[in-house]
Amino acid sequence: MLKIYGTAVSSRLLLGTSRYPSPDSLARSVKASATSVVTVSLRREMAGTRTGSVFFELIRQLGVHILPNTAGCHTVSEAVLTAKMAREVFGTNWIKLEIIGHHDTLQPDVFGLVEAARILSAEGFQVFPYTTDDLSVAERLLEAGCEVLMPWCAPIGSAMGPVNMQALRTLRAYFPDIPLIVDAGIGRPSHAAMVMELGYDAVLLNTAVANAADPVAMASAFAGAIIAGKTGFDAGLLEPRDMAVPSTPVIGKAVFL
């Protein structure tokens, strides 16, 4: 069981809710994933063609924890205002904090991220910061009041999977007691299994499921991959070796004359 800000969640897969083919596809994907946390972009849904209140009511009916996010924000003031609006709409202190600093890569503005995290933490928010895999930034976010870190493994929506395994290993090693959730860049179930095998606590993804030919089946595949990766890590993975090692011992082998 994973605990986030004192709340126990049964699944280590957090699922985004944007760009599904239909509301029914979204609802069935959430069920197939067995997730207990979904993310919702307040700005995207209120600015989209759908009526925001109808969509938000659909999300509430899913019976899972809601993690609003500040997707689309490019400044500290935008992110703080959006977080406050999200708290009013959903009645939760949870907020996934995103402040985009680069238009092409969608890389977080880590300076603004730390500033906004400090402001929101002081106002009682429980901040889930979408950040890079930089160790120094992680330390600043923890100092700002965050109790969870959400490093990317690749740019949002790129589906590249982990591009810097060593950086992810370093974060895990330096923060053994902090919940670490990989967010962004996961494209395949095998990518999710890889980061879980590093000892990460959970994975957050959206595009890989929502844009799949069969979102429901893909949600189920990711659920299985995350369980497999976590189980493998807990069981004790065999580390790679630079030479062959026989599985059948030579000593004690019968000799026929």
Side-chain angles (χ1 to χ4, degrees), residues 2-7 9 12 14 16 37 39 41-43 67-87 92-158 160 162-186 195-196 198-206:
L2 174 62
K3 274 199 170 184
I4 308 174
Y5 284 108
T7 298
V9 295
R12 294 176 183 271
L14 287 68
V37 179
T39 63
S41 170
L42 190 72
R43 288 169 60 94
L67 175 59
N69 69 51
T70 63
C73 292
H74 290 78
T75 67
V76 171
S77 59
E78 276 186 306
V80 170
L81 177 60
T82 301
K84 291 179 178 179
M85 292 171 61
R87 180 155 63 180
T92 178
N93 287 323
W94 280 13
I95 191 72
K96 179 188 170 188
L97 181 60
E98 298 183 34
I99 301 180
I100 300 303
H102 193 274
H103 291 281
D104 293 332
T105 66
L106 301 182
Q107 179 167 325
D109 172 1
V110 295
F111 304 102
L113 188 66
V114 172
E115 182 182 349
R118 184 172 289 110
I119 293 170
L120 292 172
S121 295
E123 296 195 16
F125 283 90
Q126 296 172 323
V127 181
F128 296 63
Y130 163 60
T131 183
T132 63
D133 53 19
D134 186 276
L135 180 60
S136 297
V137 175
E139 290 176 333
R140 299 298 185 276
L141 288 168
L142 295 176
E143 291 169 359
C146 299
E147 297 180 16
V148 176
L149 295 173
M150 302 182 72
W152 70 353
C153 72
I156 293 174
S158 67
M160 291 191 293
V163 296
N164 192 340
M165 291 288 281
Q166 187 55 43
L168 293 176
R169 286 192 185 94
T170 299
L171 283 176
R172 181 73 284 175
Y174 269 81
F175 305 115
D177 301 320
I178 300 297
L180 298 181
I181 303 171
V182 167
D183 177 17
I186 296 289
V195 297
M196 294 302 293
L198 294 178
Y200 274 69
D201 296 287
V203 168
L204 192 158
L205 56 90
N206 187 161

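In terms of heavy-atom proximity, Ser41 sits nearest to Ala71 at OG-CB, 3.7 Å. Heavy atoms only, all atoms of each residue included: Val114 and Ala144 are closest at O-CB, 3.9 Å. Minimum interatomic distance between Phe125 and Ala83 (heavy atoms only, all atoms of both residues): CE2-O, 3.4 Å. Considering every non-hydrogen atom in both Leu204 and Thr39, the closest pair reads CD1-CG2, 3.4 Å. Leu67 approaches Trp94 most closely through the heavy-atom pair CD1-CB, 3.8 Å. Shortest non-hydrogen contact noted between Cys153 and Ile186 is SG-CD1, 3.7 Å.
The salt bridge (charged side-chain N to carboxylate O under 4.0 Å, His left out) pairs that include a residue from residues 165-183 are Lys96-Asp183, Arg172-Asp201, where partners are two or more places apart or lie in different chains. Residue pairs meeting the salt bridge (charged side-chain N to carboxylate O under 4.0 Å, His left out) criterion with at least one partner in residues 136-155, sequence neighbours excluded, do not occur; the list is empty.
In terms of the side chain to side chain donor-acceptor pair (under 3.5 Å) criterion, Arg118 has no residue partners (sequence neighbours excluded). Judged as a side-chain contact (heavy atoms from CB on, under 4.5 Å), and not counting sequence neighbours, the contacts of Ser77 are Thr75. Applying the side chain to side chain donor-acceptor pair (under 3.5 Å) rule to Trp152 yields no partners; only residues at least two apart in sequence or on another chain are considered. For Ser158, the side-chain contact (heavy atoms from CB on, under 4.5 Å) partners two or more places apart in sequence, or in a different chain, are Ala154, Pro155, Met160. In terms of the ring-ring contact (aromatic ring centres under 6.0 Å, His included) criterion, residue partners of Tyr5 (sequence neighbours excluded) are, by chain and number, Phe128. By the side-chain contact (heavy atoms from CB on, under 4.5 Å) test, Ile119 is found to be paired with Val76, Val80, Glu115, Glu123, residues two or more places apart in sequence or in another chain being considered. Here Ala167 pairs with Asp133, Asn164 under the side-chain contact (heavy atoms from CB on, under 4.5 Å) rule; sequence neighbours left out.
For the atom pair Thr7 OG1 and Leu2 CG, the distance stands at 10.0 Å (nearest 0.5 Å). Atom OG of residue Ser121 and atom CG of residue Leu141 lie 9.0 Å apart, to the nearest 0.5 angstrom. Remark: Thr92 OG1 to Gln126 CD distance equals 7.0 Å, nearest 0.5 Å. One finds the CG atom of Leu14 at 11.5 Å from the CG atom of Asn206 (value rounded to the nearest 0.5 Å). Note that CG of Asp134 is 10.5 Å distant from OG1 of Thr170, once rounded to the nearest 0.5 Å. Atom CD1 of Ile99 sits about 6.5 Å away from atom OG1 of Thr70, to the nearest 0.5 Å.
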(request) Show your reasoning for whether side chain to side chain contact (heavy atoms under 4.5 Å, CB included) applies to Leu180 and Leu198. (result) CA-CA 11 Å; Leu180 298 181; Leu198 294 178; over 6 Å; no

(request) Using the side chain to side chain contact (heavy atoms under 4.5 Å, CB included) rule, take Leu113 and Thr131 through it: C-alpha gap first, then chi angles, then the decisive distance, then the call. (result) CA-CA 8 Å; Leu113 188 66; Thr131 183; 3.7 Å; yes

(request) Could you walk me through whether Arg87 and Ile95 pass the side chain to side chain contact (heavy atoms under 4.5 Å, CB included) test, one step at a time? (result) CA-CA 8 Å; Arg87 180 155 63 180; Ile95 191 72; over 6 Å; no

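The backbone N or O of Ile100 lies less than 3.5 Å from no partner atom in the side chain of His102, so there is not a single donor-acceptor pair.
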